[in-house]
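Heads up: the structure comes next, in structure tokens.
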Amino acid sequence: MNESQTAGIFGRAVGNLYRGGPANVSWEHALEGLEAGDAARTPNHLPHSAAQLVAHVQFWQAHLLDTLAGKQPATPEHAAGGWPMPGDWETLRATFLRDATKLRAHARDPELCAALNREGVPHAALLTTYAGHSVYHLGQVVAVRQALGLWPPPGGGDTW
């Protein structure tokens, strides 16, 4: 296998993480059928609602997209700065899935992945780190839905 083939396989694997799968349920599936009122509910003994988790991941997706576009987005001074208020659920969900699709495509672009950011870090490293962050919170969204009795979604759970 040559370097180009390896980069392609790597890019597809990392890219898949932005939408979820193949080793876990997709973001789209995890959010399926989740209405605004339920998305805003925080289960007992858990710190966040599904909407808060999605807003948090979207904050960082937008940050990464700006970084990849050559902008210098401000990084919050404290972790709390990366947890914005969710706002309108339908808009948030649509924006989140749109931006996840963009990041998936970026992770599959070998030239973009090889490019370096201002600190000399390859974009591939940034894309991989943010993809892991996304999947971590995807699991939390599933746990929130389970705690609220809203799992599996209408299309079924992650089974085979």
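The shown structure was predicted, so the numbers you read here are calculated from the model rather than taken from an experiment.
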Donor-acceptor under 3.5 Å (Arg118 side chain, Gly70 main chain): yes

Evaluate the ring planes of Tyr130 and His63, with Trp represented by its six-membered ring, and classify them as parallel (under 30°), tilted (30 to 60°) or perpendicular (over 60°). parallel

Using 0.5 Å steps for rounding, measure from the CH2 atom of Trp60 to the CG atom of Asp99. 15.0 Å

To the nearest 0.5 Å, tell me how far Gln58 CD sits from His137 NE2. 13.0 Å

Spacing of Leu103 atom CG and His106 atom NE2 [to the nearest 0.5 Å]: 6.0 Å

I'd like to know whether Gln52 forms a side chain to side chain contact (heavy atoms under 4.5 Å, CB included) with Gln140, so could you lay out the CA-CA distance, the side-chain angles of the two residues, the decisive distance to 0.1 Å, and finally the verdict. CA-CA 11 Å; Gln52 289 170 324; Gln140 289 182 310; over 6 Å; no

With sequence neighbours left out, what residues match Asp109 under salt bridge (charged side-chain N to carboxylate O under 4.0 Å, His left out)? none

Minimum-distance pair of heavy atoms, taken over all atoms of Leu17 and Ala131: CB-CB, 3.7 Å

Using 30° and 60° as the class boundaries, would you call the ring planes of Trp83 and His48 parallel, tilted or perpendicular? parallel

Any side-chain to backbone donor/acceptor pair from Tyr18 onto Leu127? Under 3.5 Å, distance only. yes

On a heavy-atom basis, the closest approach of Ala55 and Pro86 is CB-CA, 3.8 Å

Working to the nearest 0.5 Å, report the span between CG of Leu64 and NZ of Lys102. 12.0 Å

Atom CG of Asp66 and atom CD of Gln61: how far apart are they, to the nearest 0.5 Å? 12.0 Å

For Thr101 and Arg98: C-alpha separation, side-chain torsions, deciding distance, then whether side chain to side chain contact (heavy atoms under 4.5 Å, CB included) applies. CA-CA 5 Å; Thr101 298; Arg98 179 201 68 209; 5.8 Å; no

Taking Trp89 for the side chain and Leu34 for the main chain, is one N or O donor matched with an acceptor at less than 3.5 Å? yes

How long is the straight-line distance from OG of Ser26 back to CG of Leu138, given to the nearest 0.5 Å? 8.0 Å

So does Gly155 get a backbone contact from the side chain of Glu32, meaning a donor-acceptor N/O pair under 3.5 Å? yes

Atom of Arg41, atom of Gly37 and distance for their closest heavy-atom approach: CG-O, 3.2 Å

Determine whether Leu116 and Leu65 fall in the same hydrophobic cluster, where Ile, Leu, Val, Met, Phe, Trp and Tyr are linked whenever their side-chain heavy atoms lie under 4.5 Å apart. no

Consider only side-chain heavy atoms of I, L, V, M, F, W and Y, link residues closer than 4.5 Å, and tell whether Leu126 and Tyr136 are in one cluster. no

Please find the pair of heavy atoms, one from Pro73 and one from Thr67, that lie closest to each other, and give the distance. CG-OG1, 3.5 Å

